[in-house]
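Only a predicted model underlies this, so the values are computations on that prediction, with no experimental measurement involved. Each chain gets a letter, A, B and so on, in the order its sequence line appears, and its residues count up from 1.
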There are 2 protein chains.
Amino acid sequence: MVTRTLTDNQRKVLDFIERYIAIHTVPPKLQEIAEGIGISSRGVAHRYVQALTDAGYVENAGGKHRGIRLLRPNPYRPESTLPLLGRIAAGKPIEAIPGRDEIDLTEFFGSNNFAIQVKGDSMIDAGILDGDTVIIEFRETANDGDIVVALIDESETTLKRFKRSQRGKYIKLIPENAEMEPMVYEAHRIRIQGVLIGQLRKY
Amino acid sequence: MVTRTLTDNQRKVLDFIERYIAIHTVPPKLQEIAEGIGISSRGVAHRYVQALTDAGYVENAGGKHRGIRLLRPNPYRPESTLPLLGRIAAGKPIEAIPGRDEIDLTEFFGSNNFAIQVKGDSMIDAGILDGDTVIIEFRETANDGDIVVALIDESETTLKRFKRSQRGKYIKLIPENAEMEPMVYEAHRIRIQGVLIGQLRKY
DNA sequence: TTATATGAGAACATAATGAGAACTTTCAAG
DNA sequence: CTTGAAAGTTCTCATTATGTTCTCATATAA
């Protein structure tokens with residue numbers, strides 16, 4: 001581990017490996033490295049990896065597919081924040097939010113989360129429109145007032161606001177749509193599959 | 001529980017199992033795993049499950065039908081995507097979306113984008129509520145129908161739907177709220193600061 | 001010239017994968 | 001409880017993909 005200086009192409013390879021891992025979460029194969037820097041020979045790619053190994057930047061599990069490991073922190077962490085400029089209101093310039101200049105979406109990507117596309121208008125008054133994507137956290141329990149993905153009779157799945165009644169004997173699933181009525185079920189007929197933690201829409 | 005690294009196909013299998021459970025609420029059988037990753041041999045599927053067991057991702061009740069249990073979430077998922085399970089509708093199980101199994105948010109993080117928190121109810125009929133965060137792409141021009149951040153008289157900023165009138169001489173800024181009226185300005189008084197490309201909300 | 005960096009690609013070792021037979025166990029129907 | 005089909009398990013035998021090690025060739029700078 002000598003940390004000698006790298007040639008341009010060695011640096012290019014290191015850079016490629018870092019980017020690749022940032023995007024794919026797994027290291028690249030030699031073939032991919034070769035293509036990534038614009039050459040055709042796995043052998044040459046291997047020589048570069050060997051140089052990076054000697055220089056102490058990476059380590060290489062012998063023979064294993066995708067066996068390259070970075071030995072230092074990867075500078076290409078995936079982006080999960082956006083600059084948050086401030087509030088926008090009707091009638092005023094953008095108002096800066098003091099002490100908060102980025103919005104962090106990492107919580108959306110928690111490993112217990114998944115996304116579902118919403119179909120129908122039953123939650124329209126909560127600002128959840130047909131075609132929106134909602135972020136759900138896997139959970140088996142919910143609190144009154146949560147918006148949940150509920151499985152009814154092990155057969156139908158629906159997105160509704162959750163509320164217990166009669167000390168937990170019944171569960172009320174409330175659509176957020178003035179034209180629809182809440183539905184009441186005996187508690188054992190309902191199984192919570194997850195709780196709404198976020199929502200997003202692309203235009 | 002050694003947490004050794006997984007091969008490409010092992011990751012594919014882990015991913016398939018996660019998805020399968022999320023959709024069907026029960027674990028898959030080997031035959032289904034095999035079909036799910038495009039092979040025909042139960043034996044091979046079993047070998048993958050065995051590898052996942054050895055690596056500590058999965059637990060396998062010996063011999064039991066559908067005996068696979070997840071022990072922890074798949075760490076190999078890129079952080080800018082979320083598994084997209086399918087559509088959720090009132091009255092049906094989650095419906096898988098063919099050919100689309102992840103939602104990618106990288107486009108939200110483009111370097112020309114920023115986020116603003118919305119204040120007020122002027123876009124409520126478009127599903128944009130007070131407190132929501134909108135993703136804006138910096139742009140100086142907009143098309144009719146876009147929702148834009150507009151600067152009025154270099155002093156007030158607002159989020160409205162954009163429409164030209166009288167061959168571009170006037171610009172109409174339309175709130176999406178039945179109780180508010182569109183406003184019309186001479187074109188030179190309006191400067192576009194960006195166009196809405198996304199919206200998100202945290203609960 | 002000599003040393004260094006680079007690229008192609010052949011040749012080989014082995015990791016990873018796929019098929020499927022043979023056997024065992026589970027599960028549900030009767 | 002019995003029984004047969006379905007599901008899980010354990011093999012062996014191929015084949016393919018990937019990593020590794022070479023040699024040969026070209027270019028460039030000291």
Would you mind reading off the distance between [X] atom [atom1] and [N] atom [atom2], rounded to a whole angstrom?
X        : N       : atom1 : atom2 : result
Gln50(B) : dT9(D)  : CD    : P     : 8 Å
Leu30(B) : dC11(D) : CG    : P     : 16 Å
Lys29(A) : dT20(D) : NZ    : P     : 14 Å
Lys12(B) : dA17(D) : NZ    : P     : 13 Å
Ile68(B) : dG8(D)  : CD1   : P     : 7 Å
Glu59(A) : dG19(D) : CD    : P     : 16 Å
His46(A) : dA11(C) : NE2   : P     : 19 Å
Glu35(A) : dA17(D) : CD    : C1'   : 14 Å

> Does Asp144(B) use its side chain to pair, donor to acceptor, with the backbone of Arg164(B) at less than 3.5 Å?
Replying inline: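 Here the side-chain-to-backbone pair exists.
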
> Quick one: does Arg161(B)'s side chain have a donor or acceptor within less than 3.5 Å of a partner on Gly145(B)'s backbone?
Replying inline: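 Yes.
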
> Of Leu173(B), Ile174(B), Val148(B), Ile147(B), which is the lone residue that meets side chain to side chain contact (heavy atoms under 4.5 Å, CB included) with Lys160(B)?
Replying inline: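 Between Lys160(B) and the candidates, side chain to side chain contact (heavy atoms under 4.5 Å, CB included) is satisfied uniquely by Leu173(B).
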
>> Output one letter per nucleotide in nucleotides 12-23 of chain C: B when a protein non-hydrogen atom lies under 4.0 Å from the base, S when only the sugar-phosphate is that close, - when neither is.
In response: ---SSBBBB---

> Any chance the side chains of Tyr170(A) and Glu186(A) put a donor and an acceptor closer than 3.5 Å?
Replying inline: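 There is no such pair between these side chains.
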
> Any chance CZ of Arg69(A) has more than 12 other-residue heavy atoms, nucleotides or ligands included, within less than 6.0 Å?
Replying inline: yes

>> Within this structure, what is the CG-OH distance for the pair Asp146(A) and Tyr203(B), rounded to the nearest 0.5 Å?
In response: 11.5 Å

